[in-house]
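These notes concern the structure reproduced below.
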Amino acid sequence: MAFFEGNKMTAGYGSGPDIISSCSINADRGEIVAILGPNGAGKSTAMKAMLGLLNLKSGSVLMDGKDISSLSPQDRVKAGISFVPQTRNVFADLTVRENLEVGAFLREDDVNKVIEDIYELFPILNEKKSQKVGELSGGQRQQVALGRALMIRPSVLMLDEPTAGVSPIVMDELFEHIIKVKETNVAIIMVEQNAKQALSISDRGYVLVTGENKFEGSGNELLNDPEVRRSFLGA
Amino acid sequence: MDFINAIIVLLNYTIIPALTYGSQLALGAIFVTLIYGILRFANFATGDMMSFGTMFAVLLTYYFQSLGINLGIFPTALITIPLATFMMILYMLSIDKFVFEYYRIKKSPPVQLAMVSVGVMFVTQAIIRIIIGPADRTFLDGEKFILKASEFKEITGLNEGLTIKSTQAITIVITMIAVSIMFWFLNKTKTGTSMRAYSDNEDLALLSGIDPKKVVLITWIIAGILATIGGVLYGLDKSYRPFVYFNNMLPIFAAAIVGGIGNPFGAFLGGYVIAFAEIFLTYAYKKFFTYILPEALEPNSMMQILSTDYKFAVSFSILVIVLLFRPSGIFKGKTL
Ligand SMILES: Nc1ncnc2c1ncn2[C@@H]1O[C@H](COP(=O)(O)OP(=O)(O)OP(=O)(O)O)[C@@H](O)[C@H]1O
Ligand SMILES: [Mg+2]
């Protein structure tokens, strides 16, 4: 049994159709798990379901063996699950430092220490700490988004396309940061469009198609699976 | 000498009145912008809510006067502000509870909330009509002038007198204090930061554990304080005519939009932009030019760009021009 599990989740938006059906995703601490799949496959929806942003029609979400399916998203964040959404994942009108502070609102202890740790991980954020996030470059913004999510010192980190819209060099940099986070014993689930690169740093991966698990396996298995290659890796 | 006289004329008839009027507009505009930025609708009840708070200040002033309580040289109304603000906040919170909250939870579109606020406006007007009636009331007491024209002339030996009414000085000083405290609160406290975060990105704010109920509550409280102070200062300066506040909504909205709706600092500056534009464009400069031009060039006309009857047209034109060319406001920065 993995540390963080979504089991046979079926869910949709409001009274609309099911977007994910019987979809299962899990991750252990110290592991990076990639979710791949075509646009509209339900990757973001699966993540939102695991955070509780939409109600499950069936299935469950477990953390450390406990069923958390009935917890509100806020309570799940309190329990140590951090989420970086695909869009609007920062407070653009707030400064870098304020973004980090807001990220720590659920903590009761001294946040300065945590902020220092984040600055150490992302030195650029220290440099830009008094600048409004809306004025930063795309790559820097993604670092703010990651930094904000790390402020609660999560045990589970869910990243929805953390490298969207950044250059290959910045992408590598972001991936390096993500690996560093994983090394602090965090369970990381990430949705990625850059499938090959993502699989190369992931321990395991899932391929979702129309809301269902289509393939799953270790990073290498998926990278070398001829069918996955043909349909999702463009080679 | 003539040059100094000309400057005094400008100060006396344009700059000091504009700073005063601008402060009153600024307080209203920050109110509009806060509600817009956080509750996400244009509150058409703004003017009448300001009037509502002022009404309590008027009634309490009369009550205190009847008890013989006063503030000496200062207007008695000043001591009524805390209590009037309290009544105002109670009113706003009950309106929010019984009216706006329902639409907020339903996630109604902003236009619908704006229309609902029109309903609140009519109700508020009716309540004011019932409680105090539509009559014009003066509730200013204490020393009326800080500096009288005659004294000024005597001291300086100039032809032109400078008058500073105590309401003008009180308006400017109180506005500066209130606005400074508000900006300190918004920018430097945890609650202020959560308000700005909520205004910026509601979903992410919720995920960060920011309590939307608390944000809404604090917003109404701050709005209530500003609205009451702004309304009382305006009433002291001009006299309390309950339904004039409705008309003031045009310059107030213009100020909020000029400043970039949702941006409190912009709204603050916007108040002065509108006030100066209105007063500079409707002031008759004849006297001013008589001082600075040689006799041969002395103007015959009033030298007035627009009749004062058109002062609302000034706000309206600025509003239209800004919406056409700089819909995000003339100042930098976006929201709270
Ligand atoms: N808030 C929403 N309300 C209703 N339907 C939605 C909502 N968000 C997404 N959907 C629908 O759910 C389906 C899956 O969307 P989702 O965002 O999960 O896809 P995705 O795999 O993350 O795609 P992408 O790679 O483009 O990000 C789409 O058909 C989309 O139209
Ligand atoms: Mg997505």
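All chains are named by letter (A, B, ...) in the order of the sequence lines, taking the proteins before the strands, and each is independently numbered beginning at 1.
- Surrounding NZ of A:K57 are more than 12 heavy atoms belonging to other residues, nucleotides or ligands, all under 6.0 Å away.
- Residue B:F246 places its CZ atom among 12 or fewer non-hydrogen atoms of other residues, nucleotides or ligands, all under 6.0 Å distant.
- Side-chain N or O atoms of B:N201 include one that pairs as donor or acceptor with a backbone N or O of A:R88 at under 3.5 Å.
- When heavy atoms are compared at a cutoff of 4.5 Å, A:I152 does not approach chain B at all.
- Between B:A197 and A:V102 the shortest heavy-atom distance is CB-CG2, 4.1 Å.
- The shortest distance between side-chain heavy atoms of A:P73 and B:L207 falls below 4.5 Å.
- Heavy-atom minimum distance, B:S208 versus A:R148: OG-NH1, 3.5 Å.
- In the displayed structure, B:F316 atom CZ is contacted under 6.0 Å by at most 12 heavy atoms of other residues, nucleotides or ligands.
- Side chain of A:D93 to backbone of B:D200: no donor-acceptor contact under 3.5 angstrom is found.
- In plain terms, the two heavy atoms of A:F105 and B:I210 that are nearest each other are CD2-CG1, 3.6 Å.
- Dense packing is recorded around NZ of A:K180, with more than 12 heavy atoms of other residues, nucleotides or ligands lying under 6.0 Å away.
- In the displayed structure, B:Y102 atom OH is contacted under 6.0 Å by at most 12 heavy atoms of other residues, nucleotides or ligands.
- Salt-bridge check for B:R196 with A:E98: passed, with a basic side-chain N closer than 4.0 Å to an acidic carboxylate O.
- Contact of the A:P85 side chain with the B:L204 side chain is registered, since non-hydrogen atoms from C-beta on lie closer than 4.5 Å.
- Counted within 6.0 Å of CZ on B:F185, heavy atoms from surrounding residues, nucleotides or ligands total more than 12; the atom is thus considered enclosed.
- Interface remark: A:D75 contributes no atoms to any contact with chain B (heavy atom separation under 4.5 Å).
- Within a 6.0 Å radius of OH in B:Y36, no more than 12 heavy atoms belonging to other residues, nucleotides or ligands are found.
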